[in-house]
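Reading through the C-alpha cells given below for one structure.
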Amino acid sequence: MTDSSTQGIKTVLHPVSDLAKAKPVYAALLGVQPMADESYYVGFEAAGQHIGLVPGGGPEGMTCPVTYWQVADIEAKLAEVTAAGATVKEPSRDVGGGRLVATVTDPDGNVLGLLQDP
C-alpha cells in the first residue's frame, strides 16, 4: 500500500423520501439550519462535516446513507482500493466546483464514497 491515508469522513449523504419532513429533523439534530436548500438537495455544515439530504436517493438511487472519505487524489485511491478488492460502483465525476466524487463497494456490497476537493 502507498502512503495515501484518508483525511477522514467529511461528508455523509442520506436518501430521504420527503425533504420537507426530513429537513427539520436534521436541523434539530445538528443544531444548524441548512446552508444549501434546494428541491434536489439540502446540505448542512456541522462540526467540520457536511450532511446532505438527497430526495429519492438522487440519480444514483441510494437506498442507505453513504459516507464519503476525503482523499487528496481520488484516482490514486480508486486504484488502491480496487487493487485491494473493492469494485467501482460510480467512477469519479465532477459534481460542481471541481469537487470529485466516486463510490466503490467492498466485498460485502457496502458502498463507500470517496471525495476530492479542488
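Residue numbers count from 1 along this sequence. Note that these values count all heavy atoms, side chains included, but never hydrogens, waters or copies made by symmetry.
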Verify same cluster id: [X], [Y] (apolar side-chain graph, 4.5 Å):
| X | Y | value |
| --- | --- | --- |
| Ile9 | Leu53 | yes |
| Val42 | Tyr40 | no |
| Val66 | Val88 | no |
| Val101 | Leu114 | no |

Subject >> Heavy-atom side-chain proximity of Val111 to Lys89 below 4.5 angstrom >> reply: yes

Subject >> Flag side-chain contact, heavy atom, 4.5 Å: Val12 against Tyr68 >> reply: no

Subject >> Donor-acceptor contact below 3.5 Å, side chain Thr82 vs main chain Thr87 >> reply: no

Original post:
Among all residues two or more places apart in sequence or in another chain, which pass the side chain to side chain donor-acceptor pair (under 3.5 Å) test with Gln49?
Top reply: none

Original post:
If you look only at pairs with a residue in residues 7-33, which of them pass as a salt bridge (Lys or Arg N to Asp or Glu O under 4.0 Å), with sequence neighbours excluded?
Top reply: Lys23-Asp37

Which heavy-atom pair separates [X] from [Y] by the least distance, and what is that distance?
| X | Y | answer |
| --- | --- | --- |
| Tyr41 | Leu19 | N-CD1, 4.4 Å |
| Leu115 | Ile74 | N-CD1, 4.3 Å |
| Thr103 | Gly113 | CG2-CA, 4.0 Å |
| Val32 | Ala46 | CG2-CB, 4.3 Å |
| Ser39 | Pro55 | O-CG, 3.5 Å |
| Pro15 | Gly57 | CB-CA, 3.7 Å |

Subject >> Stepwise side chain to side chain contact (heavy atoms under 4.5 Å, CB included) check, Asp117 with Gln70 >> reply: CA-CA 8 Å; Asp117 279 325; Gln70 186 87 26; 3.2 Å; yes

Original post:
Between His14 and Tyr26, does the ring centroid distance fall short of 6.0 Å?
Top reply: yes

Interatomic spacing from [atom1] in [X] to [atom2] in [Y] - rounded to 0.5 Å:
| X | Y | atom1 | atom2 | result |
| --- | --- | --- | --- | --- |
| Lys77 | Gln116 | NZ | CD | 12.0 Å |
| Trp69 | Thr6 | CH2 | OG1 | 5.0 Å |
| Met62 | Leu13 | CE | CG | 5.0 Å |
| Asp106 | Leu112 | CG | CG | 5.5 Å |

Original post:
Do we see a donor-acceptor contact under 3.5 Å between the side chains of Ser92 and Glu75?
Top reply: yes

Subject >> Gln33 atom CD: more than 12 heavy-atom contacts under 6.0 Å >> reply: no

**OP:** List the steps, then state whether side chain to side chain contact (heavy atoms under 4.5 Å, CB included) holds for Ile51 with Leu30.
**Re:** CA-CA 9 Å; Ile51 308 300; Leu30 301 169; 4.0 Å; yes

